[in-house]
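Step one of this worksheet: look at the structure below.
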Amino acid sequence: MLEIIRIPVLSDNYVWLVHEPESQETMVVDPAVAEPVLAEAAARGWTITQIWNTHWHPDHTGGNAAIKEATGCHITGPEAERERIPTLDSFVKEGDTVRLGEVIADVIDVPAHTAGHIAFHIPAEKVAFVGDTLFAMGCGRLFEGTAAQMYDNMRKLEKLPDNTKIYCAHEYTQSNGEYALVAEPDNLALKERMAEVLTLRARGEATVPTTIKLERATNPFMRADSVAELAARRLAKDNF
């Protein structure tokens, strides 16, 4: 059973520290910075052996070099972005797998936020690390891709089992939910969820991970009926 620790950094990023107790391997997903990650691992007596990157943005890779220098860890990331992440040791794409001890993750191509964005799905643990592709009630901005690509991403991710926990990289839930209520004002599940989110945020608590079941019910981008509807919603959210 993986131990997954949330490390809040910068203004709204989450870095995920993942420990596999059988092998004693420890992995970091998308380290924006190094110091808090190294400190958290040290406090737990864990040695970081791997980093998994979902995409090239500096708030996901900025800690790579310092963590690698401190630990000698192995860094895996998207094949399509190998030129943009110079610290990578291994390059993966959809159809490939990566391991943390005996725990196996499937790589899923989810381009749109960046051209080579990937996600890591660990079926045995019912966990997926999705970077900036899927958020609680949101999706990533279309910086390097298209609405059609993001629509396809939503179709891929919605096929994961209901109880799959989705570990995204930012605390965007409240602002996403505020827009979602405009996009789907009659969605009762969405209204209920936003009430819970507001309570959590008022207490300063995190709102992620989320689940595929929750996103199917309340995420206006996953729930978009067509590429055109997703594109319209993304544009509206960008200007919200």
Side-chain angles (χ1 to χ4, degrees), residues 12-16 27-32 50-62 64 75-98 104-123 127-160 164-170 172 176 179 208-210 212 215-216 219-239:
D12 53 31
N13 276 71
Y14 290 135
V15 176
W16 302 104
M27 177 270 292
V28 187
V29 181
D30 286 347
Q50 296 189 52
I51 293 171
W52 295 357
N53 289 146
T54 62
H55 64 293
W56 69 267
H57 284 166
D59 65 327
H60 293 253
T61 60
N64 280 12
I75 306 180
T76 299
E79 166 72 40
E81 298 184 357
R82 61 191 299 166
E83 302 301 326
R84 306 190 83 168
I85 313 176
T87 47
L88 291 182
D89 299 300
S90 294
F91 319 99
V92 294
K93 60 187 183 304
E94 186 161 309
D96 293 335
T97 59
V98 289
I104 299 172
D106 298 320
V107 177
I108 305 171
D109 287 339
V110 284
H113 183 67
T114 66
H117 201 304
I118 58 174
F120 299 94
H121 174 226
I122 306 177
V127 161
F129 298 100
V130 296
D132 286 357
T133 293
L134 179 65
F135 295 116
M137 294 184 282
C139 74
R141 287 177 180 259
L142 307 178
F143 287 132
E144 297 179 4
T146 66
Q149 287 176 314
M150 188 60 81
Y151 184 82
D152 287 345
N153 296 341
M154 295 298 105
R155 303 291 72 77
K156 286 182 181 182
L157 294 173
E158 74 179 358
K159 291 177 183 175
L160 299 179
T164 305
K165 287 188 176 181
I166 299 298
Y167 290 83
C168 58
H170 292 275
Y172 289 164
N176 285 344
Y179 167 71
V208 295
T210 179
I212 286 296
E215 296 316 304
R216 284 202 200 101
N219 189 314
F221 301 98
M222 184 170 278
R223 291 167 58 79
D225 288 334
S226 64
V227 172
E229 185 170 49
L230 186 146
R233 289 180 171 186
R234 185 63 260 178
L235 182 62
K237 176 64 169 66
D238 290 346
N239 297 302

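- Separating the CD atom in E144 from the CH2 atom in W56 is a distance of 6.0 Å, to the nearest 0.5 Å.
- The shortest non-hydrogen separation linking L230 to F221 is CD1-O, 3.6 Å.
- Contact between L88 and P78 at its shortest, heavy atoms only, is CD1-O, 4.1 Å.
- Considering only heavy atoms from C-beta on, T54 stays 4.5 Å or farther from D132 through its side chain.
- Looking at C139 and N176, their side chains never come closer than 4.5 Å, going by heavy atoms from C-beta outward.
- Closest approach of H117 to V130, counting heavy atoms only: CE1-O, 3.3 Å.
- With a 4.5 Å cut-off on side-chain heavy atoms, D30 and N53 count as touching.
- Here the options are F120, Y14, Y167, the test is ring-ring contact (aromatic ring centres under 6.0 Å, His included), and the partner is F129; only Y167 passes.
- Under a cut-off of 6.0 angstrom, the local environment of NZ in K156 is crowded, with over 12 non-hydrogen atoms contributed by other residues, nucleotides or ligands.
- Taking both residues in full, the closest heavy atoms of K159 and R155 are given as CG-O, 3.3 Å, listed atom of the first, atom of the second, then distance.
- One finds the CD1 atom of I75 at 12.5 Å from the CE atom of M27 (value rounded to the nearest 0.5 Å).
- Annotation: the span from I212 atom CD1 to K165 atom NZ amounts to 13.5 Å, rounded to 0.5 Å.
- Side-chain contact check for D59 versus H170: some heavy-atom pair is nearer than 4.5 Å.
- With rounding to the nearest 0.5 angstrom, the CD atom of E158 is 6.0 Å from the CE atom of M222.
- Ring geometry for H113 against F143 counts as tilted: the plane angle lies between 30° and 60°, on a 0 to 90° scale.
- Expressed to the nearest 0.5 Å, how far CD of Q50 lies from OG1 of T76 amounts to 6.0 Å.
- Considering V227, L134, L142, V110 as possible partners of M150, the one that fulfils the side-chain contact (heavy atoms from CB on, under 4.5 Å) test is L142.
- A115 and E81 make their closest contact through N-OE2, 3.7 Å (heavy atoms, listed as atom of the first residue, atom of the second, distance).
- When side chains are defined from C-beta on, I108 does not count as touching T133, because their heavy atoms never get closer than 4.5 Å.
- To the nearest 0.5 Å, the span separating CZ on F91 from CD1 on I118 amounts to 11.5 Å.
- A donor-acceptor pair under 3.5 Å links the side-chain atoms of T146 to the main chain of Q149, judged by distance alone.
- Residues T210 and C168 have side chains not in contact (no heavy-atom distance under 4.5 Å, counting atoms from C-beta outward).
- Shortest non-hydrogen contact noted between F135 and N219 is O-ND2, 3.2 Å.
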